[in-house]
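Scope of the values below: all heavy atoms of this structure, side chains included, with no hydrogens, waters or symmetry mates. For this chain, numbers begin at 1 and follow the sequence in order.
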Amino acid sequence: MLGFIGTGNMGGAILAGVLSAGLVAPDDVVFTRANAQAGASQAKHTGSRFIGTNRAVYESLGEGEVLIVGVKPHVIGKVLRELGEETGGQVIVSVAAGVSLHTLAEHAPAGSPIVRVMPNVNSQIGAGMSALCPNAAVTDSQLAAVRRIFDSIGQTVVITEKDFPAFSAIAGCSPAWTYTYIDALARAALAAGMTLDSARRIAAQAVLGSAQLVLAKHGEFTPSELRDQVTSPGGTTIAGLIAMESAGFTPAVIDAVNAAIARDAEIGKA
């Protein structure tokens, strides 16, 4: 049995991934959603069971079974308090950005195994990157079960909680920056006479292929070594690279990461 509280954009993507991977039968998934009409429609579409309350979803799960809480950070404390005071051994998974394990434990049933997870937007097409961090109550087998769920929507990594701000920047924020890069490439091609629609598709595929090559050659070549392989002496690529670096491309990326980490710290304090 698998439970969800909140099956909107992210929760819905996780639900779809789990069902597509065959990790659980549709009728073994129970969920609730603030929009009851949308929840009923989602249940009909997926074959999963829509339940009216957060507490009912939680209590339908047995010891060691997973509850994914996909609600906004500002309401997760209230949602967790609705589950009761004592745990039945259910594993609570939070995808709320910026909410620490300590804060989650303060509101969850006492003694709950809790895993903090940060997926990214690409999870909606099964190409996500998710970071996992368990509290001390989580067993190895429970963590493995949670990891299988998020592997169904992309790739996963287990990190320490102190690394979440950096992960958030390079995996959570970076898709938006990458979209900006793709759009800039396309608009430069537009200025050179190419249609914008064609340029966007070409730029997006070039970025996709480059990322796939980095992963395929991981451990064999670094990204900088791959860059050197396509940079001929006196050629067009090195001319463009020099222009990019003269404009501050690498420092700008580093500044963006640092700004995101700093903002994450501000949000955490708030």
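- Within the 4.5 Å cutoff, the side chain of L15 has heavy atoms near those of the S48 side chain.
- The backbone N or O of K217 sits nowhere less than 3.5 Å from a side-chain atom of E220 that would complete a donor-acceptor pair.
- Taking each heavy atom of S130 and V117 in turn, the nearest pair found is CB-CG1, 4.2 Å.
- Contact check for M129 versus V157: side-chain heavy atoms found under the 4.5 Å cut-off.
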Q.
Could you go through Q155 and F150, starting from their C-alpha distance and side-chain angles, then the distance that decides it, and tell me whether this counts as side chain to side chain contact (heavy atoms under 4.5 Å, CB included)?
A. CA-CA 7 Å; Q155 296 189 26; F150 286 87; over 6 Å; no

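- Around CZ of R81, the count of heavy atoms belonging to other residues, nucleotides or ligands within 6.0 Å exceeds 12.
- Remark: S112 OG to E86 CD distance equals 9.0 Å, nearest 0.5 Å.
- Considering only heavy atoms from C-beta on, D140 stays 4.5 Å or farther from L143 through its side chain.
- For the atom pair CE of M244 and OG1 of T237, the computed distance is 11.0 Å after rounding to the nearest 0.5 Å.
- No continuous path of ILVMFWY side-chain contacts below 4.5 Å connects M1 to V146, so the two sit in separate hydrophobic clusters.
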Q.
Quick one, V57 with F4, criterion side chain to side chain contact (heavy atoms under 4.5 Å, CB included). Give me CA distance, side-chain angles, the key distance, then yes/no.
A. CA-CA 7 Å; V57 169; F4 288 83; over 6 Å; no

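- V91 places none of its side-chain heavy atoms less than 4.5 Å from the side chain of L67.
- Shown here for G89 and P113, the closest heavy-atom pair between the two residues is O-CG, 4.1 Å.
- The side-chain heavy atoms of C133 and L101, taken from C-beta on, include a pair separated by under 4.5 Å.
- Nearest heavy atom pair, residue A13 against residue I153, reads O-CG2, 3.5 Å.
- A distance of 9.5 Å separates CG in L2 from CG in D28, rounded to the nearest 0.5 Å.
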Q: I would like to know whether Q90 and E63 meet side chain to side chain contact (heavy atoms under 4.5 Å, CB included); could you show each step before the answer?
A: CA-CA 5 Å; Q90 300 93 326; E63 182 177 359; over 6 Å; no

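- Taken together through direct or relayed side-chain contacts under 4.5 Å among Ile, Leu, Val, Met, Phe, Trp and Tyr, L61 and I114 form part of one hydrophobic cluster.
- Within the 4.5 Å cutoff, side-chain heavy atoms of I92 are placed close to those of L83.
- Side chain of R49 to main chain of D27: a donor-acceptor pair is present (N/O by atom type, distance under 3.5 Å, no hydrogens or angles).
- Atom CD of residue E266 and atom CD1 of residue I261 lie 12.5 Å apart, to the nearest 0.5 angstrom.
- Remark: the backbone N or O of F164 is not paired with any side-chain donor or acceptor of S168 at under 3.5 angstrom.
- Remark: side-chain polar atoms of R116 are not paired, donor with acceptor, to backbone N or O of P134 under 3.5 angstrom.
- The two atoms that bring A97 and P73 nearest to each other are O-CG, 3.4 Å, heavy atoms only.
- Taken together through direct or relayed side-chain contacts under 4.5 Å among Ile, Leu, Val, Met, Phe, Trp and Tyr, V253 and I170 form parts of separate hydrophobic clusters.
- The backbone N or O of G62 sits less than 3.5 Å from a side-chain atom of E65, completing a donor-acceptor pair.
- Enclosure of atom CD in E85 is not indicated, since only 12 or fewer non-hydrogen atoms of other residues, nucleotides or ligands lie within 6.0 angstrom.
- Distance alone, capped at 3.5 Å, places no donor-acceptor pair between the S41 side chain and the Q37 backbone.
- Taking the side chain as every heavy atom from C-beta outward, M194 and I202 approach each other to under 4.5 Å.
- A donor-acceptor pair under 3.5 Å links the side-chain atoms of S152 to the main chain of I149, judged by distance alone.
- In this structure, the separation between CG on D228 and OG1 on T222 is 7.5 Å, given to the nearest 0.5 Å.
- Hydrophobic clustering (ILVMFWY, side-chain heavy atoms < 4.5 Å, transitive): V69 and M10 are in distinct clusters.
- Annotation for F167 and M118: closest pair CE2-O, 3.3 Å, computed over non-hydrogen atoms.
- Between I76 and H107 the shortest side-chain heavy-atom distance does not fall below 4.5 Å.
- Judged by distance alone, with hydrogens and angles left aside, the side-chain atoms of S210 form a donor-acceptor pair with the main-chain N or O of A206 at under 3.5 Å.
- Taking OG of S246 as the reference point, atom CG of L241 lies at 10.5 Å (rounded to 0.5 Å).
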Q: Dump the intermediate steps for side chain to side chain contact (heavy atoms under 4.5 Å, CB included) on S100 and E161, then the final yes or no.
A: CA-CA 8 Å; S100 69; E161 195 164 28; 3.6 Å; yes

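- Nearest heavy atom pair, residue L19 against residue P26, reads CD2-CA, 3.8 Å.
- With N54 contributing its side chain and V79 its backbone, the two residues share no donor-acceptor pair below 3.5 Å.
- Here the side chain of Q124 pairs a donor or acceptor atom with the backbone of V121 at under 3.5 angstrom.
- For D183, the salt bridge (Lys or Arg N to Asp or Glu O under 4.0 Å) partners at least two apart in sequence or on another chain are R187, R200.
- Both L132 and V95 are assigned to one and the same hydrophobic cluster, defined by single-linkage of ILVMFWY side chains at heavy-atom distances under 4.5 Å.
- Shown here are the ring pair (Phe, Tyr, Trp, His ring centres under 6.0 Å) partners of F50, two or more places apart in sequence or in another chain: F31.
- A search for ring pair (Phe, Tyr, Trp, His ring centres under 6.0 Å) contacts involving Y58 returns nothing, not counting sequence neighbours.
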